[in-house]
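Lettering follows sequence order; numbering is per chain, from 1. The structure displayed is predicted, hence computed values, not measured ones.
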Amino acid sequence: MDKNFIVQAVRGMNDVLPAQIAGWQQLERVTRELFAAYGFEEMRVPLVEHTALFKRAIGEYTDIVEKEMYTFTDSGGDSLTLRPEGTAGVVRAAITNGLLRGARLKLWTSGPMFRHERPQKGRYRQFHQIDVEAIGFAGPDIDAELIALTARLWRTLGITRVKLKINSLGTIESRRVYREKLVTYFRQHEAALDADSLRRLEGNPLRILDSKNPDMQAVVSGAPLLTDHLDAESREHFDSLCAMLTGMGIEYVIDPRLVRGLDYYSRTVFEWVTDALGAQDAICSGGRYDGLIPQLGGDPTPAIGFAMGVERVVELLSQTGAPLAPAAPDVYVMASGERAQRTALALVERLRDDLPQVTLHVNLGSGNFKAQFRRADKSGAALALILGDAELERGVAALKPLRHEAGQTECPLEELAVRIPAILADLAEPNNAV
RNA sequence: GUGGACGUAGCUCAGCUGGUAGAGUCCCGGAUUGUGAUUCCGGCUGUCGCGGGUUCGAGUCCCGUCGUCCACCCCA
């Protein structure tokens with residue numbers, strides 16, 4: 001085989017193998033239950049939208065829109081884009097399906113997102129997010145509830161190395177005023193800015209505050225703070241949120257330099273970070289986007305949402321050390337001899353009819369008893385069902401517990417549907433364990 | 001997009017200053033011709049990421065390329 005002809009996976013787009021799936025399924029199960037408990041309903045939206053939607057929602061001058069989108073022209077001549085984030089599609093769906101009209105929507109969705117970035121740990125070109133959006137809620141109480149939900153999620157999953165950062169960006173108007181002050185300040189200190197920051201000065205000056213360059217610390221720390229330039233209503237909204245978080249016993253730090261990279265955010269923004277994943281430390285973040293819906297053509301409606309990175313949370317989950325072993329079957333069925341092998345499948349199908357709650361794995365293909373026992377052991381099954389020509393002669397099967405000292409017994413074929421659950425129940429008793 | 005490290009068997013890795021590859025594990029068979037651990041014996045798998053160059057000779061040196069990882073950047 002010529003390795004040059006082996007089809008490779010696309011860079012940054014990963015397979016999730018059976019050995020890794022347990023963490024994904026656990027996260028999916030826990031979030032599904034939690035969202036239902038908080039009154040959120042699932043919805044599903046397309047992976048592909050018109051390019052214009054993302055340009056208008058995320059912002060023309062963001063990194064995502066400028067250089068990270070998978071955009072193509074379809075055969076009808078439309079410019080389409082693989083979604084780089086989830087909120088725009090959900091909001092578009094709410095508008096085009098007529099779900100607004102003063103409604104209060106609590107929604108969640110999940111699936112793959114696409115950004116053409118250089119892959120590294122926790123950052124892939126196809127990655128997965130779980131998105132939660134609350135549309136039609138103006139007060140700080142929904143902000144607090146969303147954050148409480150995420151805090152509960154970490155607790156439920158056993159994830160501890162996370163920290164909550166919050167901030168308020170103010171209204172779009174107050175942010176514009178602050179932005180001008182900031183630009184004025186940085187212009188006065190242009191000599192001290194690095195190349196990245198000079199570039200941002202035009203497009204997104206707030207991001208300069210986020211700079212990790214140590215040489216920039218002096219300039220950045222002298223910059224006017226967003227928190228000091230909030231309008232009165234945003235100030236009150238933010239103070240209420242802080243009080244509610246404190247009231248719920250949720251720890252947080254106010255980070256006046258926390259700025260989101262998407263233009264649609266206003267007022268509350270928050271981010272859960274961890275020190276366990278390296279440079280890609282944000283596992284869940286979001287904020288309020290009161291101005292987005294009218295900007296996309298809907299009736300003015302306040303809203304807030306967040307997204308969590310599935311790959312990153314799953315990685316944290318696997319680091320917590322909680323064993324996520326693949327499920328072992330209850331029974332491994334082995335057959336040796338021509339007649340037994342012919343009979344085994346039919347026998348097992350009857351057992352599946354009678355015992356739908358019991359998982360049975362059948363040894364497929366050939367293999368001597370030694371090999372079949374090895375496979376049975378590896379499968380993790382509690383019980384081996386052994387069918388040989390000798391047993392068939394007498395109309396019985398042998399049953400051997402694989403994880404306990406209890407010895408091997410024989411059972412008439414017609415009694416298996418009764419005997420197997422009885423033995424499994426017996427083996428499940430903790431004091432019978434080896 | 002920028003910088004750095006790395007790429008040898010399915011997996012984890014060894015291979016000193018260039019002399020055409022090795023261990024453990026996994027898998028298969030046997031000791032035990034119908035019984036899973038362990039032990040012992042035997043066996044299978046590699047165009048040393050790919051392409052080019054230097055050399056009598058390259059896993060080893062050089063260049064390019066692809067990929068992974070780390071950081072920048074960005075963000076979930």
Out of rG36(B), rA76(B), rC73(B), whichever nucleotide has its closest atom nearest the side chain of Asp63(A) | rC73(B)

On RNA chain B, more 5' by nearest nucleotide between Glu311(A) and Ala398(A) is Ala398(A)

For rU35(B), take OP1 and OP2 only and decide whether either is under 4.0 Å from a side-chain N or O of Asn368(A).
-> no

Does a distance-only test, which skips hydrogens and angles, find a donor-acceptor pair under 3.5 Å between the side chain of Arg118(A) and the base of rC73(B)?
-> no

Write down the distance separating the C1' atoms in rC74(B) and rC62(B), rounded off to the nearest Å.
-> 35 Å

Whole-Å P distance, rG4(B) and rU45(B) | 40 Å

Given rA71(B), is OP1 or OP2 found less than 4.0 Å from the side-chain N or O atoms of Gln120(A)?
-> yes

P spacing across the pair rC44(B) / rU38(B), given as an integer number of angstrom = 22 Å

As its Watson-Crick or G-U partner within any shown strand, both distances under 3.5 Å, rU68(B) has rA5(B)

Between Tyr70(A) and Phe114(A), what is the ring plane arrangement, given parallel below 30°, perpendicular above 60°, and tilted in between?
-> perpendicular

Side chains of Ser234(A) and Ser168(A): is there a donor and an acceptor less than 3.5 Å apart?
-> no

Walking RNA chain B from its 5' end, the first of Ala307(A) and His116(A) to be reached, judged by nearest nucleotide, is His116(A)

Please tell me which of the listed nucleotides, rC70(B), rG30(B), rC28(B), lies nearest to the side chain of Lys121(A)?
-> rC70(B)

Take atom P in rG53(B) and the same atom in rG10(B), then report the distance between them in whole Å.
-> 28 Å

Reckon Ile130(A) touches a base, only the sugar-phosphate, or nothing at all at heavy-atom distances under 4.0 Å?
-> nothing

Between rC75(B), rC28(B), rA71(B), which nucleotide has the shortest distance from any of its atoms to the side chain of Ala279(A)?
-> rA71(B)

Verify the contact: side-chain N or O of Arg207(A) to OP1 or OP2 of rC73(B), cut-off strictly under 4.0 Å; return yes or no.
-> no

For the base of rG34(B), is there a side-chain donor-acceptor partner from Glu391(A) under 3.5 Å away?
-> yes

4.5 Å side-chain heavy-atom contact, Ser79(A) and His50(A) | no

Using the six-membered ring wherever Trp is involved, compare the ring planes of Trp108(A) and Phe35(A) and label them parallel, tilted or perpendicular (cut-offs 30° and 60°).
-> tilted

With heavy atoms under 4.0 Å as the rule, sort Ser336(A) into base, sugar-phosphate or nothing.
-> nothing

How is Gly122(A) classified with respect to the nucleic acid when contacts are heavy atoms under 4.0 Å: base, sugar-phosphate, or nothing?
-> base

Is the shortest distance from a Lys or Arg side-chain nitrogen in Asp255(A) or Arg257(A) to a carboxylate oxygen in the other one below 4.0 Å?
-> no

Across all strands, who's sitting opposite rC26(B) as a Watson-Crick or G-U wobble pair, both distances under 3.5 Å?
-> none

Using a strict cut-off of less than 4.0 Å between a Lys/Arg side-chain nitrogen and an Asp/Glu carboxylate oxygen, indicate whether Asp377(A) and Arg403(A) qualify as a salt bridge.
-> yes

With respect to the side chain of Arg115(A), which nucleotide from rC69(B), rC75(B), rG36(B) is positioned closest?
-> rC75(B)

Using a heavy-atom cut-off of under 4.0 Å over every strand shown, decide if Gly12(A) touches base, sugar-phosphate, or nothing.
-> sugar-phosphate

Output yes when at least one side-chain N/O atom of Lys378(A) is less than 4.0 Å from OP1 or OP2 of rC27(B), else no.
-> yes

Kindly indicate whether the side chain of Arg374(A) and the base of rC27(B) share any N or O donor-acceptor pair separated by less than 3.5 Å?
-> no

Donor-acceptor pair present, Lys400(A) side chain and rU35(B) base, under 3.5 Å = yes

Using a heavy-atom cut-off of under 4.0 Å over every strand shown, decide if Leu402(A) touches base, sugar-phosphate, or nothing.
-> base

Are Asp131(A) and Thr109(A) close enough, and set up right, to give a side-chain hydrogen bond (donor to acceptor under 3.5 Å, both in side chains), and what steps lead you there?
-> CA-CA 5 Å; Asp131(A) 268 285; Thr109(A) 192; over 6 Å; no

Report which part of the nucleic acid Ala390(A) touches: base, sugar-phosphate, or nothing (heavy-atom distance under 4.0 Å, all strands).
-> base

Mind checking the P distance from rG7(B) to rG36(B)? Whole angstroms is fine.
-> 41 Å

rU39(B) - base-pair partner by Watson-Crick or wobble geometry, distances under 3.5 Å = rA31(B)

Spell out yes or no: do the side chain of Gln408(A) and the base of rU35(B) have one donor N/O and one acceptor N/O closer than 3.5 Å?
-> yes

Between Phe369(A) and rU35(B), do the rings stack, that is, sit under 5.5 Å apart with planes less than 30° off each other?
-> no

Sugar-phosphate, base or nothing in reach of Arg11(A), heavy atoms under 4.0 Å | sugar-phosphate

